[in-house]
Amino acid sequence: MRHPGCWKMLTVAMCMALLGCLQAQELRGHVSVILLGATGDLARKYLWQGLFQLYLDEAGKDYSFSFHGAALTSTKQGQAFVAKVLESLSCPEDVAPDRCAELKGQFQRLSAYRHLATSEDYVALSKDIEAQVQHGGLREAGRIFYFSVPPFAYADIARNINSSCRPGPGAWLRVVLEKPFGHDHLSAQQLATELGGFFREEEMYRVDHYLGKQAVAQILPFRDQNRKALDGLWSRHHVERVEIIMKETVDAEGRTSFYEEYGVIRDVLQNHLTEVLTLVAMELPHNISSSESVLQHKLRAFRALRGLQKGSAVLGQYQAYSEQVRREQQRPDSFRSLTPTFAGVLVHMDNLRWEGVPFILMSGKALDERVGYVRILFRNQAYCVLSDERWVADQSQCLPRQIVFYIGHGELGSPAVLVSRNLFRPSLPSESWKELGARPGLRLFGRPLSDFYAYRPVREQDAYSVLISRIFHGRKDSFVTTEHLLASWGFWTPLLDSLAHEVPRLYPGGAENGHLLDFEFGGAQLCFSQQQPEQLVPGPGPAPMPSGFQVLKAKYRESPLISAWPEELIAKLADDIEATAVRAVRRFGTFHLALSGGSSPVPLFQQLATRHYGFPWAHTHLWLVDERCVPLWDPESNFQHLQTHLLQHIRVPYYNIHPMPVHLHQRLCAEEDQGAQTYASEISALVANSSFDLVLLGMGADGHTASLFPQSPSGLDGEQLVVLTESPSRPFQRMSLSLPLINRARKVAVLVMGRVKREITMLVSRVGHEPKKWPISGVLPSSGQLVWYMDYEAFLG
Ligand code: BG6
């Protein structure tokens, strides 16, 4: 379309078409839609149809339009492609055929292909749009650039748009981006920074097509319109679990070059399922039509997601996958992929509404059926006296109670919203949702369809059509903002890292999977329900732990040493702490426990939180051995660790919890704030003789303990009970109990775990009392007992 004569003719034709489309009323302006990658698969399958739908919905209203299909394809080929796609556009059932044919003709005249490659092409595009607007005597309202191109092309296109294709003052720019938006937190951040150099946040519309699925887009409106009924139900007090599921029968054949890089968690869970999760879990804003408040509330839901552990997920891979990768990517015969094509993940939210409620996210390829849904299953606390044969769906409280947003496919074959009749009759907008007709014999989630109030959309719409309309209307809440994107990657990246070398369970695919992929959960852990009969791919998994090893008792630095494999060691230490606590409470009425930070005590905290129901928490005071000079909510804070792994799972009176005052007067560990002295006074006031019942310490690879570091003089002797110290690693500033205070304890337990501690363990076994070089060597309770707890790797190497 470089030829000026051609362009003029087209402009005139387009303007005529435009004017022909104008109604008597005043137009608010002209909108140009530029579809980049107009000859690609996504464009062919969904985007052109979505643009046509936009035109059908908006033609004759407030705006005029032009549609520019753009790509690197030559003009001739591109024109032919676009002409063919335009011809194949289908008319929705609810538009009269004549009217639709007329509008389709108009849409075809308003649409044209152009080759768009160089920066001059972009300059020319912008000029053409301006000319077109001028010719038509119109005002430019805005430009939508839809990037249906691979991410490596983003930066160039973005630069060109920013430098030469922005609309003039008063008109908006919206750029629409398709996933993948990065591979992990870091790459997402880099991509976001790069795009941020070209576009403002409000200009970017990142698509997650699940947000355009009708059942998903209905979650918030449903919650809003049924506030009264849901207010009392939508919480941990009533919800037993939430299932967010996307099962597919297709596999990754033909896409393995993409899939091999991503896998199911990045491909589906990080985006689609997480978006759905936040819509279910977020607090409902007063006004759901305000994009801004929806986005704010959603972000808070992201922030309440509890961090995932390796044990929060189960992974699978369909058996043919590795072979497909070998074939499609010319890999050697020995190549075995570890990319998961199936994942089940257990997610928890740390907030009052959802604490303790399991959210199960699951997706996989080559499964037995294609279906997507969100199912909220409510607890049942009723007992029904009447015999179950006489239970009536809308009266019996003993039948299952559930709300399902049925995203599509499956037995139902269409999107739907289902509400058990024994819950309430929901209200849905009658212009867009209608009651589903009877389907005798159809059972869903174990119940006949007649057990539900069931609704389906009046007009089924493809997700892209829904989203294109929302882009046009500037509904940012149906898109992924930079903050949300990074929050989501921030949540998933640690799990992905921890699973990077995990061998997925192989499954045959389809119905043959049987129960092989079924999984179950307890606490924060998820595991397959069935043992794998045999692992077909020998993988680099962890070496099996010898079971039944004895706990070894010996001496270390003349004090008792207990050594075992990590699990047994932690169990033994937890038992010993509980026994000490019970004894202390019996004798003195309270138990004062001072805990260290770092990673070694984390499994201990988890053990205490989940296995020690007899622990006298109500009479226990929890103190910190040391703290990093960061706010208490900082992920680096020792208190934050304690909070995440212990405090939030147990019932300790809040006045028994004593975080170190490192953050006073909006600053961290300033001498003048006297935080150390304040903590010391608190200890003196509450702990008899400032003698803790138990102090749990660790030992650093450099011989430090608490936050007392080699070559740092403070806290090793003298009168001070609590001191500010300097660490050789970040964060440099610390607060710590002093050695004299530690040595006043009735009992000191030192926990040392992992092979990295082997060297220092050997060294410290030989040295004398040299706290300046190895502060740990200064731990010697004056009248209390010292016990070492070391796992075999730390002790024996
Ligand atoms: C895409 C994933 O985002 O979603 C695909 O990349 C997946 O792997 C697809 O098949 C599923 O979308 P839908 O709309 O078919 O459920």
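As the structure lists them, so they are numbered: ligands from 1, and atoms in each ligand from 1. Each residue takes its place number in the sequence, starting with 1. Only a predicted model underlies this, so the values are computations on that prediction, with no experimental measurement involved.
At the shortest separation from atom 15 (O) of ligand 1 among protein heavy atoms lies Arg370 NH2, 2.9 Å. The closest protein non-hydrogen atom to atom 16 (O) of ligand 1 is Tyr210 OH, 2.5 Å. Looking only at protein heavy atoms, the nearest one to atom 12 (O) of ligand 1 is His209 NE2, 3.2 Å. From the protein, the heavy atom lying nearest to atom 6 (O) of ligand 1 is Asp267 OD1, 2.6 Å. In terms of protein heavy atoms, atom 3 (O) of ligand 1 is closest to His272 NE2, 2.7 Å. Closest protein heavy atom to atom 11 (C) of ligand 1: Met246 CE, 3.5 Å.
Under the 3.5 Å distance criterion, with hydrogens and angles disregarded, no donor-acceptor pair is assigned to the side chains of Gln309 and Gln525. Tyr262 and Thr339 share no side-chain donor-acceptor pair at under 3.5 Å. In this model, a donor atom of one side chain and an acceptor atom of the other lie less than 3.5 Å apart for Thr274 and Trp492. Of the N and O atoms on the side chains of Gln324 and Thr256, not one donor lies less than 3.5 Å from an acceptor on the other residue.
With ligand atoms numbered from 1 in the order given, ligand 1 contributes 5 (C), 7 (C), 8 (O), 10 (O) to contacts under 4.0 Å with heavy atoms of Lys365. Listed by atom number, the atoms of ligand 1 under 4.0 Å from Lys213 heavy atoms are 13 (P), 14 (O), 16 (O). Numbered from 1 in the order shown, with element, the atoms of ligand 1 that lie under 4.0 Å from a heavy atom of Glu248 read 7 (C), 10 (O), 11 (C).
The shell of residues lying under 4.0 angstrom from ligand 1, judged by heavy atoms, includes Arg255.
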- Task: Using the side-chain contact (heavy atoms from CB on, under 4.5 Å) rule, take Ile157 and Phe145 through it: C-alpha gap first, then chi angles, then the decisive distance, then the call.
- Result: CA-CA 10 Å; Ile157 298 179; Phe145 284 86; 5.9 Å; no

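Between Phe52 and Phe67, the gap from one ring centroid to the other reaches at least 6.0 Å.
Going from atom CZ of Arg439 over to atom CG of Leu444 covers 8.0 Å, rounded to the nearest 0.5 Å.
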